[in-house]
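Only heavy atoms go into these numbers, but all of them, side chains included; no hydrogens, no water, no symmetry mates.
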Amino acid sequence: MLQHCGTRKIGIMFAPIITAWLLFVAGVGTYNVFHWDVKIIYKISPVYIYKFITHIDIHRWRLLGSVILCVAGSEAMFADLGHFSKKSIKITFICLIYPLLLLCYAGQAAYISKNLHAPDFNHLSQSMPRHCRHLFIVLSLLSSAVGSQATITACFSIINQCLALNCFPRVKVIHTSKTIHGQIYIPDVNWLLMIFSLTVTIGFRDIVKIGNATGLAIICGMLVTTSLMSLIIALYWEKNLMVSACFLVCFGFLEAAYLSACLLEFHKGAWYLVVLLAVSMTVMLSWHYGTMKKYEFDLQNKVSTEWLIDISPGLGISRVPGIGFIYTDIVAGIPAFFSHFITNLPAFHQVLILVSFKSIAVPYVPESERYLIGRIGPKDYKIYRCIVRSGYCDHIRDTGHFEEQIIRSIGEFISIEQNDIESMVSPDERMIIIGNSNSRLDGNALVPLDEVDSSSCMVNNESQISPVDHDALESRNKRKKVRFMLPENSPKMQVSVRKELLELIDARESGSAYFLGQSHLVVRDGTNFLKRFLIMVYRFSEKNCRESPVALKIPHAALVEVGVICTI
């Protein structure tokens, strides 16, 4: 219930509890060391693990699966790098966490060494002095409630990375910090974690089985990390293969030993982790496979502007008044679903705008750098491409404001296209970064526009579309619709530019429609079972996605969804 507050606020609330708990168990551990066996400190020496291994048997080998639980949680620290810096994690672990846990475990070991006759019990609670047990109960309950915070935040980070790699169904990601990109909150994952936690607890009702599954999860994570790190050493750092091999053998051997010990308890709860792994991998693999196949279909079946120009006379395509916004992931060519649309219904709007959203790893993208505008085909066709760049804290939801910004940007693009051709990002595609919509063209420089002649509903700008808000005066409760007008006297404006701007204004006044492509994956006859199964899971995941492919709140009356069959 508190995860939506963000890592920073949760840390402020939870950090004192964990700090008090660690200091408490370390203090009790120190007391037990001096009270029961001071010499237990010498047992920290690695000589004793060597003696343990040299006298190994099946019983001792099984104990390794329980020993691994002593480092539970440490593997989650490195997945929290998006929430915290490397320096803070290093300092906290080396100077605080590790010494305090060492004292805690040493105190338990000292107590056990003098109470070997005691039956099976919880070593930590039994080793507590009598006058501290009430405080222990309170602190243990509070710390257990927040002890999994590192895993929760790590899970958010990993899911967010999977979304960037198209390996997880679309879910809503909320950025809780305007300064740190990695501090996020994913509501759906938060609920799933709660459901899984309750399922495990109610289903097993046995701490030993839960511990076996936890141990296998920890060691599997470490083994995968070691394997991938060896690849990083060889491929990314470009070190000698022997260095990578030595790293893999050194750490991999130890982790493989612990893994084999955990697998001995497979039938005692560890099997649950394998089931969860199989389900998760199936969802991720199917989503990645389906997404890549749809993207490949779009790339292979996209059509050029020349195709649209050549086919228009043959089909008798007519242009209807208004603006058509076509949403697509590809940034070159005409998307396949739109060619399918005009082939079956030979008509499209007077002005077409192909819109693509691209996310950038910054909190906010200023208005002066948000829109990348270009022209597709001859001017007579009035087809534009708009790439909208947004930061992870930007919220582009209101379609009315979004339309206003794009139309202003296209109007500015039309005005400066002829005079500022050298600033084009790509002369072939005629793309340009459009500045602030509240700007004017003064020669070749864009300067802020402050003067507006409200009496004539015109701006003192000789080459830009200007907004005129009439509806706001009538009713503030109604949805605002901004109308555009041109100055009456513009001697510097070319006739062709004025004509194109007026056509854009007329199209805006006629209304807008939004085109979204809905690609449906269909497998061919004779396709193997694995592909059929992956596509079936993908279609189920896509149907139940919690986040739409386009973040805009598009009115249903203006939405046109075009279905396309993708046969694979």
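- The local environment of CE in Met536 is crowded, with over 12 non-hydrogen atoms from other residues, nucleotides or ligands closer than 6.0 Å.
- Going from atom CD1 of Ile97 over to atom CD1 of Ile89 covers 11.0 Å, rounded to the nearest 0.5 Å.
- His35 meets the ring-ring contact (aromatic ring centres under 6.0 Å, His included) test with Tyr31; sequence neighbours excluded.
- When side chains are defined from C-beta on, Leu22 counts as touching Leu101, because their heavy atoms get closer than 4.5 Å.
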message = Show, in sequence, the C-alpha distance, side-chain angles and deciding distance for Lys268 and Val208, and conclude whether the side-chain contact (heavy atoms from CB on, under 4.5 Å) test is met.
response = CA-CA 8 Å; Lys268 296 182 179 179; Val208 175; 5.9 Å; no
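- Shown here are the side-chain hydrogen bond (donor to acceptor under 3.5 Å, both in side chains) partners of Thr201, two or more places apart in sequence or in another chain: there are none.
- Ring orientation note: the planes of Phe529 and Phe533 are close to parallel, at an angle under 30° on the 30°/60° scale.
- With sequence neighbours left out, the side chain to side chain contact (heavy atoms under 4.5 Å, CB included) criterion links Leu273 to Leu216, Ala217.
- Asn212 approaches Ala270 most closely through the heavy-atom pair O-CB, 4.1 Å.
- Within the model, atoms CZ of Arg370 and SG of Cys386 stand 10.5 Å from one another, a figure rounded to the nearest 0.5 Å.
- For the pair Lys531 and Val523, the tightest heavy-atom approach, listed with the atom from each and the gap, is O-CG1, 4.4 Å.
- Contact annotation: the side chain of Val562 never approaches that of Leu516 to less than 4.5 Å [non-hydrogen atoms, C-beta and beyond].
- Inter-residue side-chain proximity for Pro335 and Leu354 is flagged as met; some heavy-atom pair is nearer than 4.5 Å.
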I'd like a table of donor-acceptor pairs (distance under 3.5 Å, sequence neighbours excluded) in which one partner is a side-chain atom from residues 253-262, with atom names and distances.
| residue | atom | partner | partner atom | Å |
| --- | --- | --- | --- | --- |
| Glu255 | OE1 | Thr226 | OG1 | 2.8 |
| Glu255 | OE2 | Thr226 | OG1 | 2.9 |
| Ser260 | OG | Trp61 | NE1 | 3.2 |
| Ser260 | OG | Ala256 | O | 3.4 |
| Ser260 | OG | Ala257 | O | 2.6 |

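- Residues passing the side-chain hydrogen bond (donor to acceptor under 3.5 Å, both in side chains) test with Arg532: none are found, sequence neighbours excluded.
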request  = Would you sort out whether Gln3 and Ile152 count as a side-chain contact (heavy atoms from CB on, under 4.5 Å), showing the intermediate values?
outcome  = CA-CA 9 Å; Gln3 293 302 319; Ile152 295 173; 3.6 Å; yes
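- Residues meeting the ring-ring contact (aromatic ring centres under 6.0 Å, His included) test with Tyr105, sequence neighbours left out: none.
- The shortest distance between side-chain heavy atoms of His134 and Val138 does not fall below 4.5 Å.
- With sequence neighbours excluded, no residue satisfies side-chain hydrogen bond (donor to acceptor under 3.5 Å, both in side chains) with Gln300.
- The closest donor-acceptor contact from the side chain of Ser244 to the backbone of Ser230 lies under 3.5 Å.
- Of the residues Ile387, Val388, Val331, the one that meets the side-chain contact (heavy atoms from CB on, under 4.5 Å) test with Leu372 is Ile387.
- Applying the ring-ring contact (aromatic ring centres under 6.0 Å, His included) test to Tyr272 and every residue at least two apart in sequence or in another chain returns Phe204.
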message = Pair Leu231, Ser227 - check side-chain contact (heavy atoms from CB on, under 4.5 Å), show working.
response = CA-CA 7 Å; Leu231 293 178; Ser227 302; over 6 Å; no
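- Atom CZ of Phe34 is separated from atom CD1 of Ile41 by 7.5 Å, given to the nearest 0.5 angstrom.
- Every residue two or more places apart in sequence or in another chain that forms a side chain to side chain contact (heavy atoms under 4.5 Å, CB included) with Cys566 is listed here: Phe297, Ser519, Leu521.
- Nearest heavy atoms, Trp21 versus Ser143: CD2-OG, 3.5 Å.
- The side chain to side chain donor-acceptor pair (under 3.5 Å) test with Glu542 singles out one residue from His520, Lys294, Arg170, and that residue is Lys294.
- In this structure Phe168 satisfies the ring-ring contact (aromatic ring centres under 6.0 Å, His included) test with no other residue, sequence neighbours excluded.
- In this structure, Tyr236 OH and Glu238 CD are separated by 10.0 Å, a value rounded to the nearest 0.5 Å.
- Heavy-atom neighbours of Lys90 NZ from other residues, nucleotides or ligands within 6.0 Å: at or below the threshold of 12.
- Residues Trp237 and Ile232 have side chains in contact (heavy-atom distance under 4.5 Å, counting atoms from C-beta outward).
- Between Phe24 and Ser140 the shortest side-chain heavy-atom distance does not fall below 4.5 Å.
- Minimum interatomic distance between Ala234 and Leu241 (heavy atoms only, all atoms of both residues): CB-CD2, 3.9 Å.
- Counting non-hydrogen atoms of neighbouring residues, nucleotides and ligands closer than 6.0 angstrom, the NZ atom of Lys43 exceeds 12 such neighbours.
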ask   = Val173 and Phe156: side-chain contact (heavy atoms from CB on, under 4.5 Å), yes or no, with the steps?
value = CA-CA 9 Å; Val173 178; Phe156 291 160; over 6 Å; no
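- Checked against a 6.0 Å centroid threshold, the rings of Phe251 and Phe247 count as neighbours.
- Side-chain atoms of Arg62 do not come within 3.5 Å of backbone N or O of His59 as any donor-acceptor pair.
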Name each donor-acceptor pair under 3.5 Å that joins a side chain in residues 185-194 to protein atoms two or more places apart or in another chain, with its distance.
| residue | atom | partner | partner atom | Å |
| --- | --- | --- | --- | --- |
| Asp188 | OD1 | Arg546 | NE | 3.4 |

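- Taking Lys302 as the reference, nothing meets the salt bridge (charged side-chain N to carboxylate O under 4.0 Å, His left out) condition, with sequence neighbours excluded.
- Closest approach of Leu100 and Ala26 over heavy atoms only: CD2-CB, 3.5 Å.
- Here the CG atom belonging to Asn115 is positioned 9.5 Å from the OG atom belonging to Ser127, to the nearest 0.5 angstrom.
- Within the 4.5 Å cutoff, no side-chain heavy atoms of Phe515 are placed close to those of Phe325.
- Here Ile53 contributes atom CD1 and Arg60 contributes atom CZ; the two are 11.0 Å apart, rounded to the nearest 0.5 Å.
- Across Ile49 and Pro46, no two heavy atoms sit closer than the pair CG2-O, 2.9 Å.
- Residues Trp36 and Tyr111 place their aromatic rings such that the two centres sit under 6.0 Å apart.
- Salt bridge absent: Glu369 and Arg389 never bring a charged side-chain N and a carboxylate O closer than 4.0 Å.
- Annotation: side chain of Phe357 is in contact with side chain of Val355 (closest heavy-atom distance under 4.5 Å).
- Around atom OH of Tyr98, no more than 12 heavy atoms belonging to other residues, nucleotides or ligands sit under 6.0 Å away.
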